[in-house]
Number of protein chains: 2
Amino acid sequence: MPAAMEQATHLLKDNNLKITKQRKAMLEYLVDTASKRYIDVTSIDDFMRQSFPKMSHNTIYRNISEFADLGIVERQIQGDRASVKFQCDFQHEHHHHFICSNCGKVIELKDCPLSDEITSQLAGCEVTGHLFQIYGLCPECANLKNN
Amino acid sequence: MPAAMEQATHLLKDNNLKITKQRKAMLEYLVDTASKRYIDVTSIDDFMRQSFPKMSHNTIYRNISEFADLGIVERQIQGDRASVKFQCDFQHEHHHHFICSNCGKVIELKDCPLSDEITSQLAGCEVTGHLFQIYGLCPECANLKNN
DNA sequence: GCCTCACTAGTAATAATTACTATTTAAATG
DNA sequence: CATTTAAATAGTAATTATTACTAGTGAGGC
């Protein structure tokens, strides 16, 4: 079992969630397809229901929600589609991403732009989070477009 | 007529779009309520249809789209709701925002975190845009919460 | 004031997501 | 290993947000 699966199932157990066939199948699919790119929720729904015709929307959406709550996947709207990506690494240090707007692929960035200079402009505010992302075409998609 | 309305109607005319009662009413509402905060699209829909019971969803959504295309409003997903904000200033220089996750209010930031150091990590990529936003509670909402 | 084309109302369809409930199953326990 | 039980699931239906379609209307140029 790949490390990512280990970590994910561990997290489920720690939270009294059962390792069902459905969850396992979903996690495997996500590790395979959404480890380095965002994939939209409806195509997860489509795929799972093709592979397991008896699976209900409910199950898929609920599980995605739970995975997100546990930090197993990261939710985000790409373009106008609700998407998720498998968490890069559970013990990974804070970082940001370049995201290909064509294929959803992500590239990790080293820097975090949050600085004292910036937060000092926010006197009285309670800062809870931030988002920094660069968009564009990854080398592969840029090539395809220019040829 | 406030400057923002002037600019917006000018932009519409320049693009062969007519200044209809419906558009005017929507713009007025947006200038009033969405100049310094994000407001979600469904509540625009609700409000407009309360004020003008004969207005159709179609009209509201189409106009929001057109306003967005012209840069009159800025679209964004806040939490999980499609939201818009009136454009800060049409000739305003590039900047980013702190956004209150409770009330949607925005505070402008001076800095842009995009640097050569960062883009140099993206060899081969075609960068088309970026997003930098800080989230949290504005001073008012932070106060409310702590009392 | 008239004409034309963009715009709108009204209705209906679609897509994505959530709700509900009877049944099933993972996994804890004896 | 058999029993038990809370959690999860399937199946169906509802809801919510958004878009499509078409006949009729009105803004604004002439």
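Residue numbers begin at 1 in each chain, while the letters A, B, ... track the order of the sequences.
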Measure from [atom1] on [X] to [atom2] on [N] and round the result to the nearest Å.
X	N	atom1	atom2	value
N15(A)	dA8(D)	CG	C1'	16 Å
K24(B)	dC7(C)	NZ	C1'	15 Å
I19(A)	dA7(D)	CD1	P	15 Å
M48(A)	dT17(C)	CE	P	16 Å
Q78(A)	dA16(C)	CD	C1'	18 Å
M55(A)	dT25(C)	CE	C1'	14 Å
F52(A)	dG11(D)	CZ	C1'	18 Å
E66(A)	dT9(D)	CD	C1'	12 Å

What does the inter-axis angle of the helix from dG1(C)-dC30(D) to dG30(C)-dC1(D) come out as, five pairs per end, nearest 10 degrees?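 What I find for the helix from dG1(C)-dC30(D) to dG30(C)-dC1(D) is an axis angle of 40°.
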Can a side-chain donor-acceptor contact be found between H130(A) and H94(A) if the only test is distance below 3.5 angstrom?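 H94(A) vs H130(A): donor-acceptor pair found between side chains.
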Phosphate contact ([N] OP1 or OP2) by [X] side-chain N/O below 4.0 Å:
X	N	value
Q22(A)	dT25(C)	no
T20(A)	dA26(C)	no
K54(A)	dT9(D)	no
R62(B)	dT8(C)	yes

Could you identify which residues cluster with L144(B), counting Ile, Leu, Val, Met, Phe, Trp and Tyr as linked when any side-chain heavy atoms lie under 4.5 Å apart, either directly or through a chain of such contacts?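 Once heavy-atom contacts under 4.5 Å are chained together, L144(B) still belongs with nothing else.
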If the sugar-phosphate is the primed atoms plus P, OP1 and OP2 and the base is the rest, what is the B/S/- string for nucleotides 13-26 of chain D, using protein heavy atoms under 4.0 Å? ----SSBBB----B
Return the nearest nucleotide to the side chain of N63(B); candidates are dG28(D), dA10(D), dT8(C).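 The listed nucleotide nearest to N63(B)'s side chain is dT8(C).
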What side-chain donor-acceptor pairs closer than 3.5 Å can you find for residues 12-21 of chain A, not counting sequence neighbours?
residue, atom, partner, partner atom, Å
N15(A), ND2, L11(A), O, 2.8
T20(A), OG1, R23(A), N, 3.1

Test: E140(A) and K105(A) ion pair at under 4.0 Å: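 Result for this pair is yes, salt bridge flagged.
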Who pairs with F47(B) by ring-ring contact (aromatic ring centres under 6.0 Å, His included), at least two apart in sequence or on another chain?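 Applying ring-ring contact (aromatic ring centres under 6.0 Å, His included) to F47(B) gives Y29(B).
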What orientation do Y61(B) and H57(B) show, parallel under 30°, tilted 30 to 60°, or perpendicular over 60°?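 Ring orientation, 0 to 90° scale: tilted.
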Should I39(B) and F86(B) be regarded as members of a common hydrophobic cluster, given that ILVMFWY residues are connected when their side-chain heavy atoms come within less than 4.5 Å of each other, either directly or indirectly?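 Hydrophobic grouping puts I39(B) with F86(B).
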Verify same cluster id: I72(B), V84(B) (apolar side-chain graph, 4.5 Å):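 I72(B) and V84(B): one cluster.
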Once you apply a heavy-atom cut-off of 4.0 Å, does R23(A) come out as touching a base, just sugar-phosphate, or nothing?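 Touches sugar-phosphate only.
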Holding to side chain to side chain contact (heavy atoms under 4.5 Å, CB included), I want the full list of residues that pass it with S56(B), two or more places apart in sequence or in another chain.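 Scan of S56(B) (side chain to side chain contact (heavy atoms under 4.5 Å, CB included), adjacent residues dropped) gives N58(B), T59(B).
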